[in-house]
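Everything on this sheet refers to the single structure shown next.
Keep in mind that the numbers below use all heavy atoms, side chains included, and drop hydrogens, waters and symmetry copies.
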Amino acid sequence: MTDELIKPADLELADALSAVVRTLEPEPDVEQTVANIVQAVAATVPGTEDAGISLLESGSLKSVAPSSERVSQLDQLQHKLGEGPCVDAVFTNIVYRTSDIAADERWPKFGYAAAELGINSMLAVRLFTGKTLLGALNLYSTQPSAFDDSAEHVAGLFAAHAAVALAGSRAQAQLRNALESRDVISMAKGILMERHQVTDDQAFDLLVRASQNTNRKLHEVARWLVTGTNNAINENG
């Protein structure tokens with residue numbers, strides 16, 4: 001009985017989506033992962049001509065790896081105006097779809113600007129996992145009524161998988177940055193210990209005080225010291 005409820009078209013969609021999802025392996029480079037997602041979604045969701053992703057970072061939205069300059073302009077305009085399908089998908093409901101953006105009363109300022117750039121339809125889907133709100137996937141089309149229920153369904157499935165890949169990529173990048181920061185701080189301590197004949201703890205205290213006095217992060221101070229020392233050695237060598 002269950003098999004009878006599964007339509008051939010659904011099986012084809014499942015196979016196609018599975019094939020695309022396999023290309024979304026998380027990479028330490030977040031922007032490359034986003035670029036892979038944008039490229040894949042543009043080729044997968046029916047009606048999509050352009051795509052982009054707005055990432056939420058420290059409370060602000062940032063356009064990453066847009067498929068065209070027009071997408072970059074539209075994404076940034078939504079962020080600036082604080083209105084549009086993208087903004088609402090991140091902060092209000094999970095999915096927003098419009099078939100005639102210029103006539104959509106929900107986003108009067110953005111809708112007019114989008115129409116001026118030739119966009120008529122838009123579909124925005126929130127990117128999130130059980131623990132993290134990542135941003136929104138934004139799909140654009142110059143055609144009116146380009147996105148139907150099927151496109152919305154596919155975009156939702158795609159966004160769920162893409163969010164997991166993106167969250168994994170961010171975690172890898174954060175781990176890599178943490179390891180690099182730890183290494184550069186260790187090198188900076190070694191330089192101070194050798195230069196000033198101080199202990200490990202005293203060298204770390206010097207870095208902390210320099211960080212506080214200059215209002216710069218600890219790893220930035222350490223990297224400045226290591227870079228300056230390396231440059232001096234190269235010049236003298």
Side-chain angles (χ1 to χ4, degrees), residues 7 9-10 12-13 16-17 20-21 24 31 34-129 132-163 166:
K7 300 178 182 179
D10 293 332
E12 291 179 8
L13 171 59
L17 186 60
V20 171
V21 166
L24 300 182
E31 291 205 12
V34 173
N36 291 344
I37 293 171
V38 169
Q39 182 179 10
V41 74
T44 304
V45 179
T48 303
E49 294 179 24
D50 267 320
I53 285 180
S54 292
L55 291 182
L56 184 62
E57 297 181 350
S58 302
S60 300
L61 290 170
K62 174 185 176 183
S63 182
V64 180
S67 64
S68 69
E69 178 58 30
R70 176 166 59 183
V71 170
S72 177
Q73 293 177 27
L74 290 168
D75 285 350
Q76 291 178 33
L77 185 60
Q78 290 183 86
H79 307 163
K80 180 179 179 181
L81 292 174
E83 72 168 48
C86 163
V87 175
D88 283 354
V90 174
F91 297 110
T92 307
N93 290 321
I94 294 176
V95 180
Y96 281 88
R97 187 173 91 199
T98 180
S99 299
D100 185 359
I101 190 85
D104 201 315
E105 297 179 353
R106 292 174 291 183
W107 314 292
K109 294 180 180 178
F110 172 71
Y112 175 80
E116 285 288 298
L117 288 172
I119 294 299
N120 285 292
S121 298
M122 189 173 168
L123 175 61
V125 185
R126 181 181 298 171
L127 292 171
F128 68 103
T129 64
T132 308
L133 174 58
L134 298 161
L137 172 66
N138 307 314
L139 311 182
Y140 299 93
S141 175
T142 60
Q143 302 300 311
S145 304
F147 303 110
D148 56 14
D149 290 342
S150 176
E152 183 175 321
H153 181 64
V154 174
L157 292 173
F158 192 97
H161 290 286
L166 185 53

Could you measure the distance from the CD1 atom of Ile37 to the OG1 atom of Thr44? Nearest 0.5 Å is fine.
11.5 Å

Spacing of Asn120 atom CG and Asp100 atom CG [to the nearest 0.5 Å]:
6.5 Å

Is the closest side-chain heavy-atom distance between Gln73 and Glu69 below 4.5 Å?
yes

Spell out, as yes or no, whether a donor-acceptor pair under 3.5 Å connects the side chain of Ser121 to the backbone of Ala146.
yes

For Ala162 and Leu127 the tightest heavy-atom approach is CB-CD2, 4.4 Å

Atom CG of Leu74 and atom CG of Leu117: how far apart are they, to the nearest 0.5 Å?
5.0 Å

Let me check something: any side-chain donor-acceptor pairs from residues 105-112 under 3.5 Å, sequence neighbours excluded? List them with distances.
unit_1 : atom_1 : unit_2 : atom_2 : d
Arg106 : NE     : Asp104 : OD1    : 3.0
Arg106 : NE     : Asp104 : OD2    : 3.4
Arg106 : NH2    : Arg97  : O      : 3.1
Arg106 : NH2    : Asp104 : OD2    : 2.8
Trp107 : NE1    : Asp88  : OD2    : 2.9

Rounded distance (nearest 0.5 Å) linking atom CD1 of Ile101 with atom CD1 of Ile119:
9.0 Å

Cut-off 3.5 Å, side chains only: do Asp75 and Tyr140 have a donor facing an acceptor?
yes

Under a 3.5 Å distance rule, please check whether Thr48 uses its side chain to pair with a backbone N or O of Val45 as donor and acceptor.
yes

Between Val87 and Gly82 the two heavy atoms that sit nearest each other are CG1-O, 3.8 Å

Heavy atoms only: give me the nearest Val125-Ala155 pair and the separation to one decimal.
CG2-CB, 4.0 Å

Could you tell me which non-hydrogen atom of Pro46 sits nearest to which non-hydrogen atom of Ala151, and how far apart they are?
O-CB, 3.5 Å

Salt bridge (charged side-chain N to carboxylate O under 4.0 Å, His left out) filter on Arg70, not counting sequence neighbours, yields Asp50

Can you tell me how far OG of Ser68 sits from CD of Glu49, rounded to the nearest 0.5 angstrom?
10.0 Å

Does Glu83 have any salt bridge (charged side-chain N to carboxylate O under 4.0 Å, His left out) partners at least two apart in sequence or in another chain, and if so, which?
none

Minimum side-chain heavy-atom gap Leu123-Thr98 below 4.5 Å:
no

Check whether any side-chain heavy atom of Leu139 sits under 4.5 Å from a side-chain heavy atom of Val41, and report yes or no.
yes

Check whether Ser141 reaches the backbone of Gln143 with its side chain - one donor and one acceptor, N or O, closer than 3.5 Å.
yes

Can you measure from NE2 (His79) to CG (Leu77) and round to the nearest 0.5 angstrom?
9.5 Å

If you compare all heavy atoms of Cys86 against all heavy atoms of Ala124, which two are closest, and at what distance to 0.1 Å?
N-CB, 3.8 Å

Could you tell me which non-hydrogen atom of Phe158 sits nearest to which non-hydrogen atom of Ala40, and how far apart they are?
CZ-CB, 3.6 Å

Would you say the side-chain atoms of Ser54 and Gln78 include a donor-acceptor pair closer than 3.5 Å?
no

Does the side chain of Val90 reach to within under 4.5 Å of the side chain of Arg126, using non-hydrogen atoms?
no

Would you say that Leu61 contacts Phe91 through its side chain, given a criterion of any heavy-atom pair below 4.5 Å between the two side chains?
yes

